[in-house]
Amino acid sequence: MRSLIDILDFSTEELDRLMDTAADIIANPAKYAEACHGKKLATLFFEPSTRTRLSFEAAMLELGGNVIGFSEASSSSAAKGESVADTAKVISCYADIIAMRHPLEGAPYVASCNATVPVINAGDGGHSHPTQTLTDLFTIRREKGRLHDLTVGFCGDLKYGRTVHSLITALSRYTGIRLVLISPEELQLPSYVRYEVLEKNRMTYTETNDLEAAIPELDILYMTRIQGERFANREDYLRLKDSYILTAEKMKLAKSDLAVLHPLPRVNEISIQIDRDPRACYFKQVANGKYMRMALILKLLEEAASNPTHVEHDDGVARVLNRYTCRNRRCITTVEQELDQIFKLTDPDAGICRCIYCEAKQRME
């Protein structure tokens, strides 16, 4: 039995097969209408969501299954102090598969280690959002016909944007990908993503704060909102929130076959004028997300039926137990302090380790 916590949990071959299944669902919906008859999906959403939660629910219902769950932490036993581990154990008694969103980074990983059913990470803080990445990859493949030899621009919040981190990680496994990273200096891609993903995979990338200068060379433009909920200081958010606004004038500079993506929700970073432009693909993304989640639910339930034993993710990296304390204030270990502190020795020569839950980097002492 496997879970999906990080996009790297699946090989590129598995991703391709998932996208093939999603395409087949689109072409032959009746074939899948009862594929999950008698199965239940639990949606455990500890922070607000519209698209992701309803996409999961629509996916399960269209597969003939049922949905249980909650849409905010205050309506769950978390409000009484129940741990994520205990919640996962309890919900495993009621459902066949779990989709979890949580504001603390590493929470879905903790759930997957304690549940007896597959767990899907539906977003954990600023860390990872693998099903959005599945959606993004499928949208790019449908729009461009390939996942290689593309110039991809990411614009906006590249520091806290979990969708950006996940998609860059996924694209690192395809050939001929060139990245253009467009952001204010304060919201640049975190150094660990730059080092662990871009540099280790020898990806070609440039950094700029000028959207207009960058847009003519792009095949894909991935816009993101500046996320107020991730800022500790509201003044910083207000200063940066309108850094980039994609307008019809800027689109005149772009290629005729540019594809504009956005994980949504949009605030004002894309003018509503762009919605009528055939290059706007963000509402297509929403539909594609449902089909990819249908394909994912089918895959994980099928694997759980054939191999119900929990499978630990083995990344081949040496680990250290209980020697350090994670300093990331958004890490699940800061709240659930009974969790073992486990760190991956990602760069022992440089004295660098990374928290197994939130992947925050720190120097070994």
Side-chain angles (χ1 to χ4, degrees), residues 5-16 18-19 126-130 132-134 136-141 143-185 187-211 213-224 255 258-259 261 313-319 343-356 358-364:
I5 304 303
D6 184 272
I7 194 64
L8 294 181
D9 291 341
F10 285 177
S11 68
T12 53
E13 292 77 14
E14 288 175 311
L15 295 179
D16 288 340
L18 273 177
M19 287 185 272
H127 176 223
S128 185
H129 195 352
Q132 180 64 50
T133 305
L134 294 178
D136 299 339
L137 291 173
F138 187 46
T139 302
I140 293 171
R141 194 176 87 162
E143 295 301 316
K144 308 302 289 187
R146 65 189 189 279
L147 286 168
H148 56 83
D149 299 321
L150 294 166
T151 298
V152 183
F154 291 89
C155 181
D157 181 0
L158 310 189
K159 180 177 181 179
Y160 299 111
R162 59 191 171 197
T163 61
V164 171
H165 304 166
S166 291
L167 182 54
I168 288 176
T169 300
L171 289 172
S172 72
R173 298 190 289 179
Y174 294 90
T175 60
I177 298 295
R178 177 174 174 264
L179 303 181
V180 181
L181 307 174
I182 309 158
S183 71
E185 184 177 351
L187 295 175
Q188 286 182 342
L189 197 70
S191 58
Y192 82 86
V193 178
R194 186 182 295 108
Y195 174 72
E196 296 285 346
V197 181
L198 303 186
E199 295 180 10
K200 281 194 173 181
N201 291 288
R202 298 182 179 179
M203 296 187 76
T204 301
Y205 72 96
T206 57
E207 293 183 290
T208 180
N209 60 8
D210 192 337
L211 173 59
I215 199 170
E217 60 184 310
L218 304 179
D219 299 306
I220 305 291
L221 173 58
Y222 196 95
M223 295 293 296
T224 66
K255 293 180 179 180
L258 173 72
L261 279 63
H313 176 66
D314 182 11
D315 52 19
V317 177
R319 303 184 180 203
F343 290 84
K344 299 184 286 187
L345 300 177
T346 53
D347 193 353
D349 292 337
I352 299 299
C353 62
R354 192 179 303 286
C355 175
I356 193 68
C358 69
E359 296 192 285
K361 182 173 68 174
Q362 66 186 55
R363 189 167 296 280
M364 294 183 286

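Because only heavy atoms are used, hydrogens play no part in the values below, and waters and symmetry mates are left out as well, while side chains stay in.
To the nearest 0.5 Å, the span separating CG on Leu187 from CG on Leu158 amounts to 7.5 Å. Note that NE2 of His148 is 12.5 Å distant from CG of Leu171, once rounded to the nearest 0.5 Å. Taken from CZ in Arg141 to CG in Leu147, the straight-line distance is 7.0 Å, to the nearest 0.5 Å. A distance of 9.5 Å separates OG in Ser191 from CD in Glu199, rounded to the nearest 0.5 Å. Rounding to the nearest 0.5 angstrom, the gap separating the CG atom in Leu134 from the CG atom in Leu18 is 6.5 Å. Atom-to-atom distance recorded for Leu218:CG and Leu211:CG is 8.0 Å, nearest 0.5 angstrom.
Thr204 has its side chain out of reach of Ile177: every pair of non-hydrogen atoms, C-beta onward, lies at least 4.5 Å apart. In this structure, Val197 and Leu189 have side chains that are not in contact, with every pair of non-hydrogen atoms separated by 4.5 Å or more. Within the 4.5 Å cutoff, the side chain of Val164 has heavy atoms near those of the Thr224 side chain. Residues Leu258 and Ile220 fail the side-chain proximity criterion, which asks for heavy atoms closer than 4.5 Å. Using a 4.5 Å heavy-atom threshold, the side chains of Leu179 and Leu198 count as touching. Inter-residue side-chain proximity for Cys353 and Gln362 is flagged as met; some heavy-atom pair is nearer than 4.5 Å. Looking only at side-chain heavy atoms (C-beta outward), Met223 and Leu261 stay at 4.5 Å or farther from each other. Between Ile182 and Phe154, every side-chain heavy-atom pair lies at or beyond the 4.5 Å cut-off.
Partners of Ser11 under the side chain to side chain contact (heavy atoms under 4.5 Å, CB included) rule, at least two apart in sequence or in another chain, are Glu13, Glu14. Applying the ring pair (Phe, Tyr, Trp, His ring centres under 6.0 Å) rule to Phe343 yields the partners Tyr324; only residues at least two apart in sequence or on another chain are considered. Residues passing the side-chain hydrogen bond (donor to acceptor under 3.5 Å, both in side chains) test with Ser183, sequence neighbours excluded: none. For Thr139, the side-chain hydrogen bond (donor to acceptor under 3.5 Å, both in side chains) criterion is met by Asn288, not counting sequence neighbours. For the side-chain hydrogen bond (donor to acceptor under 3.5 Å, both in side chains) test, residues two or more places apart in sequence or in another chain that qualify with His127 are Asp124, Glu359. The side chain to side chain contact (heavy atoms under 4.5 Å, CB included) check on Asp149 picks up Arg146, with sequence neighbours excluded. For Glu196, the salt bridge (Lys or Arg N to Asp or Glu O under 4.0 Å) partners two or more places apart in sequence, or in a different chain, are Lys200, Arg354. In this view, Ser128 and Ser166 satisfy the side-chain hydrogen bond (donor to acceptor under 3.5 Å, both in side chains) rule, not counting sequence neighbours. Applying the salt bridge (Lys or Arg N to Asp or Glu O under 4.0 Å) rule to Asp6 yields no partners; only residues at least two apart in sequence or on another chain are considered. Residues passing the side chain to side chain contact (heavy atoms under 4.5 Å, CB included) test with His129, sequence neighbours excluded: Thr52, Arg101, Thr131, Gln132, Arg162, Thr163, Arg293.
Between Gly156 and Pro184, the shortest heavy-atom contact is O-CD, 3.9 Å.
For the salt bridge (Lys or Arg N to Asp or Glu O under 4.0 Å) condition, the pairs that include at least one residue of residues 168-185, sequence neighbours left out, are Arg178-Glu217. Listed by first and then second residue, the salt bridge (Lys or Arg N to Asp or Glu O under 4.0 Å) pairs that reach into residues 201-210 are Arg194-Glu207, sequence neighbours excluded.
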Test side chain to side chain contact (heavy atoms under 4.5 Å, CB included) on Val180 and Tyr205; report intermediate values, then the result.
CA-CA 6 Å; Val180 181; Tyr205 72 96; over 6 Å; no

So Ile140 and Leu150, side chain to side chain contact (heavy atoms under 4.5 Å, CB included) or not? Walk me through it.
CA-CA 10 Å; Ile140 293 171; Leu150 294 166; 3.7 Å; yes

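The environment of NZ in Lys159 is sparse: at most 12 heavy-atom neighbours from other residues, nucleotides or ligands sit within 6.0 Å.
Checked by atom type and distance alone, the side chain of Asn201 never pairs as donor or acceptor with a backbone atom of Met203 at under 3.5 Å. Side-chain N or O atoms of Asp136 include none that pairs as donor or acceptor with a backbone N or O of Leu167 at under 3.5 Å.
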